[in-house]
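Reading through the structure tokens given below for one structure.
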There are 2 protein chains.
Amino acid sequence: MADKKVPESTISRLFIYLREVTELAKLNIRTISSSELGERTNLSDAQVRKDLGYFGQFGVSGSGYAVKELKEALEKILGRDKTLKVALLGAGRLGAALLSYAGFGKDGLEIVAAFDRDPRKIGKETAGVTIQGIDRIAEEVRKNDISIAVLAVPAGAAQEVADVVTGAGVECLLNFAPVSLNVPENVKVKDVDLSRELAILSYFALKNNSNGETG
Amino acid sequence: MADKKVPESTISRLFIYLREVTELAKLNIRTISSSELGERTNLSDAQVRKDLGYFGQFGVSGSGYAVKELKEALEKILGRDKTLKVALLGAGRLGAALLSYAGFGKDGLEIVAAFDRDPRKIGKETAGVTIQGIDRIAEEVRKNDISIAVLAVPAGAAQEVADVVTGAGVECLLNFAPVSLNVPENVKVKDVDLSRELAILSYFALKNNSNGETG
DNA sequence: TAGATTGTTAATCGATTAACAATC
DNA sequence: TAGATTGTTAATCGATTAACAATC
């Protein structure tokens, strides 16, 4: 049972493979080899086979992978068939945008509760969800079986809110606040920081510029 | 001169250090050791010193790093003093949101041109930028010295637009379209896919659930 | 000086890539 | 059968961590 640990980078690529085979299925392509799939995703054939190998044997020697079956296998592995409950922390500008973001449903996620500290926001409704005070977090998490919390609060409030929500038993956080959160070690945090992505890119742009000058 | 190659993960962490020392400077804290900085960012002291070591010697044995100097050094390394020109490709819903996104300026980036294929959008203005047809890309890139392109077009159009813009000499792309782009090898692409981030997180949430059941 | 902390080299760890026997 | 391609093990590569002499 104790499968070897799967790298997060593998999980991330699995979604890329799924995207591709979904496309291939639409085009009525029946089978694909690891090297073809790798070409389409800018990855190596070895990488494709290794990644899939963590989860079983999906291919056929000599002919490759059946597109339809691989698609279904990936959907199952990645839990695309299940719906998870999400709590939104912070109903400001970003929070409101996320509440009305249509993509969540497609990804098997459903925002079932939203919280804010601002008394003027409490009781208001956006996209079918009523905003509640943060003192209600623990009870709502339990009641609704919430497994993911999205932190869309200001940087200064993020740690406190993270404490409350992890204290209530939530183990997965998507953190939009630009701070390094301290959480218990069973909790998984994913930081999303568009500013930083852009900044990294601009670092490379600057480097290219100066290379151009000297080289 | 030929400095050893700096890992992208190091660059990414440099922004985290910068965020932290900016905070420390506000609090009038004068010096910080690698282990204290590591504690505040959930990284090890060795990691902090290694990362900084790629760019020079900023610390003082026995006392650590001068906050103000480290902040200034990081800003310089990361190019926070320079402004780069950005082209926005695709002026749909996401594109419009990015155009009005206030954070770009803070990050040393300026959207100087926007393009869309839809004739009904061409000529319209958002946030001070007039939307142009995609046939104008090459000339505008040259004229404005654009070094970064943000792709906010539908998946089906992304590759074609990427070809045009890289053909015009842009070497850094921020790609919001959920496709694997093929670009020349001197071009740096950064994919931003909120759906995938969420999906990865939900994968971990599901795994935690099933662990809970069996363990 | 004694204590603290750096910068850097060496050791470890983990992920990617290459290779190839097994198999369709 | 011959050709193609898998699954998996071994080799390589690169990043993180540990260790410690140098230094304030």
Side-chain angles (χ1 to χ4, degrees), chain A residues 2-17 20-21 24 29-71 73-74 77 180 185 188 200 203, chain B residues 2-17 20-21 24 29-71 73-74 77 180 185 200 203-204:
Chain A
D3 2 31
K4 47 198 159 311
K5 206 177 122 295
V6 181
E8 181 165 336
S9 49
T10 289
I11 303 300
S12 179
R13 284 189 297 267
L14 250 36
F15 286 98
I16 297 178
Y17 305 144
E20 207 60 38
V21 293
L24 292 168
I29 292 169
R30 300 297 165 82
T31 65
I32 187 147
S33 67
S34 56
S35 63
E36 288 168 320
L37 187 51
E39 233 167 72
R40 285 170 164 273
T41 52
N42 299 321
L43 298 162
S44 70
D45 59 328
Q47 182 91 78
V48 170
R49 293 198 301 279
K50 190 96 219 268
D51 285 339
L52 296 177
Y54 284 108
F55 299 94
Q57 308 189 166
F58 307 105
V60 179
S61 296
S63 73
Y65 301 86
V67 169
K68 189 160 165 288
E69 280 166 39
L70 181 55
K71 174 169 176 278
L74 286 169
I77 292 164
S180 302
E185 64 174 43
K188 172 97 186 159
I200 294 168
Y203 171 84
Chain B
D3 1 31
K4 49 199 159 307
K5 207 178 121 297
V6 182
E8 183 167 333
S9 48
T10 289
I11 304 300
S12 180
R13 284 190 296 267
L14 251 35
F15 285 98
I16 297 178
Y17 304 144
E20 205 61 38
V21 293
L24 292 167
I29 292 169
R30 301 297 166 80
T31 66
I32 186 149
S33 67
S34 56
S35 62
E36 287 169 320
L37 187 52
E39 234 167 73
R40 285 171 164 272
T41 53
N42 299 322
L43 299 161
S44 70
D45 59 329
Q47 182 91 77
V48 171
R49 292 198 301 279
K50 190 100 219 266
D51 286 338
L52 297 176
Y54 283 107
F55 299 93
Q57 310 188 164
F58 307 105
V60 179
S61 295
S63 74
Y65 301 85
V67 168
K68 187 159 167 288
E69 279 165 40
L70 181 55
K71 174 168 175 278
L74 286 170
I77 292 165
S180 302
E185 63 173 46
I200 295 168
Y203 171 83
F204 284 103

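In what follows, chains carry the letters A, B, and so on, assigned in the order in which the sequence lines appear, proteins first and then strands, with residues in each chain numbered from 1. Just so you know, these numbers come straight off a predicted model, no measurement behind them.
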The reported gap from OG in A:S35 to CZ in A:R49 (rounded to nearest 0.5 angstrom) is 8.0 Å
Using a heavy-atom cut-off of under 4.0 Å over every strand shown, decide if A:S9 touches base, sugar-phosphate, or nothing. sugar-phosphate
Spacing of OG1 belonging to A:T10 relative to NZ belonging to A:K5, to within rounding of 0.5 Å: 9.5 Å
Nearest-nucleotide wise, let me know which of A:R13 and A:S61 is further upstream toward the 5' end of DNA chain C. A:R13
For B:S35, report the nucleic acid contact type (base, sugar-phosphate, nothing); a contact means any heavy atom under 4.0 Å. nothing
In dot-bracket notation, what is the pairing pattern of DNA chain D, taking Watson-Crick (N1-N3 plus N6-O4 or O6-N4) and G-U wobble (N1-O2 and O6-N3) contacts under 3.5 Å, with [ ] crossing and | for other strands? ..||||||||||||||||||||||
Which of these, A:I77, A:D51, A:V6, sits in a side chain to side chain contact (heavy atoms under 4.5 Å, CB included) with A:I11? A:V6
Across the strands shown, which category fits A:T10 at heavy-atom distances under 4.0 angstrom: base, sugar-phosphate, nothing? nothing
Donor-acceptor pair, distance only, cut-off 3.5 Å: does the side chain of B:Q47 make one with the backbone of B:S44? no
Of all of residues 38-52 of chain B, which get a heavy atom below 4.0 angstrom from DNA chain D, listed by number? B:S44, B:A46, B:Q47, B:R49, B:K50
With rounding to the nearest 0.5 Å, note down the distance linking CG in B:L14 to CD in B:E8. 12.0 Å
Leading and trailing nucleotides of DNA chain D with any atom under 4.0 Å from heavy atoms of chain A: D:dA4 to D:dT9
